[in-house]
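Reviewing the structure listed below.
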Amino acid sequence: MSSLRFKAVEEAFKKKALCIEPPAQFTSDYYGKYVFTKSVMAKYLSKDIMKSLSNSIEKGTTIDIAIADGVATGMKTWAMELGATHYTHWFQPLTDGTAEKHDSFIDYVAGPGEAIIEEFSGKLLVQQEPDASSFPSGGIRSTFEARGYTAWDPSSPAFVVDDTLVIPTIFISYTGEALDLKAPLLKALSAVDKAATAVCQLFDPNVKKVVSFLGWEQEYFLVDESLYATRPDLLLTGRTLLGHESAKNQQLEDHYFGAVPSRVAAFMKDIEFEAYKYGIPAKTRHNEVAPNQFELAPIYGECNLAVDQNLLMMSIMRRVARRHGFRLLLHEKPFAGINGSGKHNNWSLGTDTGVGLFTPGKTPEANLQFVTFLVNTLMAVYKHNALLKASIMTAQNAHRLGANEAPPAIVSAFLGKQLTSILDKLESSSTEDAIIIDAKKKLHLGIPHIPEVFLDNTDRNRTSAFAFTGNRFEFRAVGSSANCSSAMATLNAAVAEQLTLFKAEVEAKIAAGSKKEKAIFDVIKKYIKESKAIRFDGNGYSDEWKIEAAKRGLDCETSVPKIIEAYTSKSSIELFKSTGVLTEVELHARNEVKWETYIKKIQIEARVLGDLVLNHIIPVAKRYQSLLLDNVLKTKAVYSSEKAEKISALDLALIEEISEHVSIIKKNVDDMVEARKVANKIEHEKEKANSYHDVVLPYFEVIRYHVDKLEMIVDDEMWTLPKYRELLFIR
Ligand code: ADP
Ligand code: MG
């Protein structure tokens, strides 16, 4: 082992659990202590202000400045009691992660040079103008008009981190276009509320609001900080660009749900403590399938809040990992040959009357409503399967979906045996068979006891991108590092559009003289037929499925830059326009940003790979080769030529092998650099991204193949980069 690597490995193995003792309190005692929740507000805001604010949050009406002033004052007092001296608007630009700019509360009492006081006005709470010129806008905001505004989102509560009051906001341009991921999400949530409420009212006129719920499951890897520091690829790209598989990795399936190593357990306790402080209901923790891979999942909640909580949680996890001598890897595929990380988005809709719209009901009426929402969702996912894939696709996630060893880049829906047979039965039955309207005008589906059927909810499918799991859908294709907004805005918008179409079709039938239940049933039946191609319960990882999916007309594109184009297809533009989520201008601008991001990611990886090869791999291989050559020469000096030839045979073979690998590696690195130069000259972002995907990216695999072979040949003592077996097994 090289001395640097040896030191790093030794340091990593010496570490013990750095357990931060959890406070001697019950979780419920400090849960949400740093969040400006409704109950906290009640203590710091007057009754009138409280009422007006709640009203605005619930109905989405504008908050007037007098109310904002009152809220700001209360918020400041509360935050200062928790030690805050600064505040920041917290927004989600079109980059990975969040952005913030901290300002202190201080202001002069009278004028410059005078005494200061802590000030926080409604104006500062409601709106800020960060210097927006360096955030991506896809050309919406030309540099001479770089203004962008952040605007308070009162539906996600403010919180205090360290000495700063953090205010969740949207981020828009001077001309009103969204420059972030939160604004479209809020619009999509409002669209799905409106559309779903209208459909619910066909069944129950008391329903006034439908809420979209999200329960995310965050997968992640941990690596020891000292090892991480000696892997430039992990450090700069978040994933290993090189590295031979460890002889043992996940074959024995001994990591999944296994005992959590004590160092990791200490980390988990610590992040949960932080999560509870911020009102994030962390519920589940466990080992994942791959070595060093783990998961954290909270109890689901309202979608917008859940998204913010996930973003906050990712930053907490990053920070706390360092306290424990770890680095957190949120990359979708940090290691080749073992599982990647996702962030399953468990999604459902629920009414203000307490009904889960994907929960099978106890009565036939409730079940008709359940089937209505289920089938409309299938229809939405069917129509927009290419777009939904685009909503989760990134350079990183492409390694998890669509690459050699990963599930295919195809969105299909899994329902399970029972539900499938119910839909099949509905589809094939004549309306009269399936619905018997008796004297009391009660509705019966020809499906007895749907609820009981669901008691046996054991058939689960881990290979499906969009799986029904008893009371919700699980959008499993979302990447571990992603902001869930993108997937959730798209899904909710697609379902909103579909529900609106459904309602119109049902109403047209009623207007033509059909009974309501029969009208609903007829439309559902039609949808079951139309959306059939999206349903697939088989093995999504198999090659047969790729062929079958293409036959069914599902989107099978695997190139990220091309997948992204789905955002500006005719049906996508219409979808986002009709739901008011994004305009055509915004969609085109976002695609520019996506292509640009893709290019930069591949560009950085290509550079890091080139550097590693030229500065680590080739010199090390050459050094070992020269050692072997030395050996051959010395052998020749000592023995007769015949004997020397025999003794040196192995060395000579290795020397040749090394030189063969090295020359292939060198040639491919040179060609890759050339390919990059050609790509960089292309002006149009889309074409440039295509060139990076089609021409530059394929070099990675060839180079890696030969480097990984060298790793197996070269003396372990000389190899400078920590190997998979060292990176992947925390002790
Ligand atoms: P899994 O067995 O799929 O790994 P987990 O317990 O890890 O399940 O995560 C399931 C997630 O789904 C949790 O966040 C849970 O709160 C959430 N969930 C449960 N019911 C619903 C629902 N009706 N709507 C949305 N999310 C839900
Ligand atoms: Mg889970």
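Counting starts at 1 for both ligands and their atoms, following the listed order.
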### Task
Run the numbers for me: atoms of ligand 1, each under 4.0 Å from some heavy atom of I299, listed by number.
16 (O)

Table please: side-chain donor-acceptor pairs of residues 371-378 below 3.5 Å, with sequence neighbours left out.
unit_1: T372; atom_1: OG1; unit_2: L368; atom_2: O; d: 2.7
unit_1: N376; atom_1: OD1; unit_2: Q498; atom_2: NE2; d: 3.2
unit_1: N376; atom_1: ND2; unit_2: T372; atom_2: O; d: 2.9
unit_1: T377; atom_1: OG1; unit_2: F373; atom_2: O; d: 2.7

### Query
Any idea which atoms of ligand 1 are less than 4.0 Å away from a heavy-atom of E295?
7 (O)

### Message
Please work out, at 4.0 Å between heavy atoms, whether the side chain, the backbone, both, or neither of K283 comes within that distance of ligand 1.
### Response
neither

#### Entry: Non-hydrogen atom of P298 closer than 4.0 Å to ligand 1
yes

#### Entry: N471 side chain to S348 side chain, donor-acceptor N/O pair below 3.5 angstrom
no

### Message
Distance alone, cut at 3.5 Å: any donor-acceptor contact between the side chains of Q293 and N339?
### Response
no

#### Entry: Short N-O contact, D308 and K182, less than 4.0 angstrom
yes

### Query
With atoms numbered from 1 as shown, which atoms in ligand 1 lie under 4.0 angstrom from a non-hydrogen atom of G215?
14 (O), 26 (N)

### Task
Report yes or no: does E474 have a heavy atom closer than 4.0 Å to ligand 1?
yes

### Message
Check this for me, if you would: do K389 and D555 make a salt bridge, where the nitrogen-to-carboxylate-oxygen distance has to be below 4.0 angstrom?
### Response
yes

### Query
Which option out of R472, H286, R285 puts a heavy atom nearest to atom 19 (C) of ligand 1?
R472

#### Entry: With sequence neighbours excluded, residues passing side chain to side chain donor-acceptor pair (under 3.5 Å) with D352
none

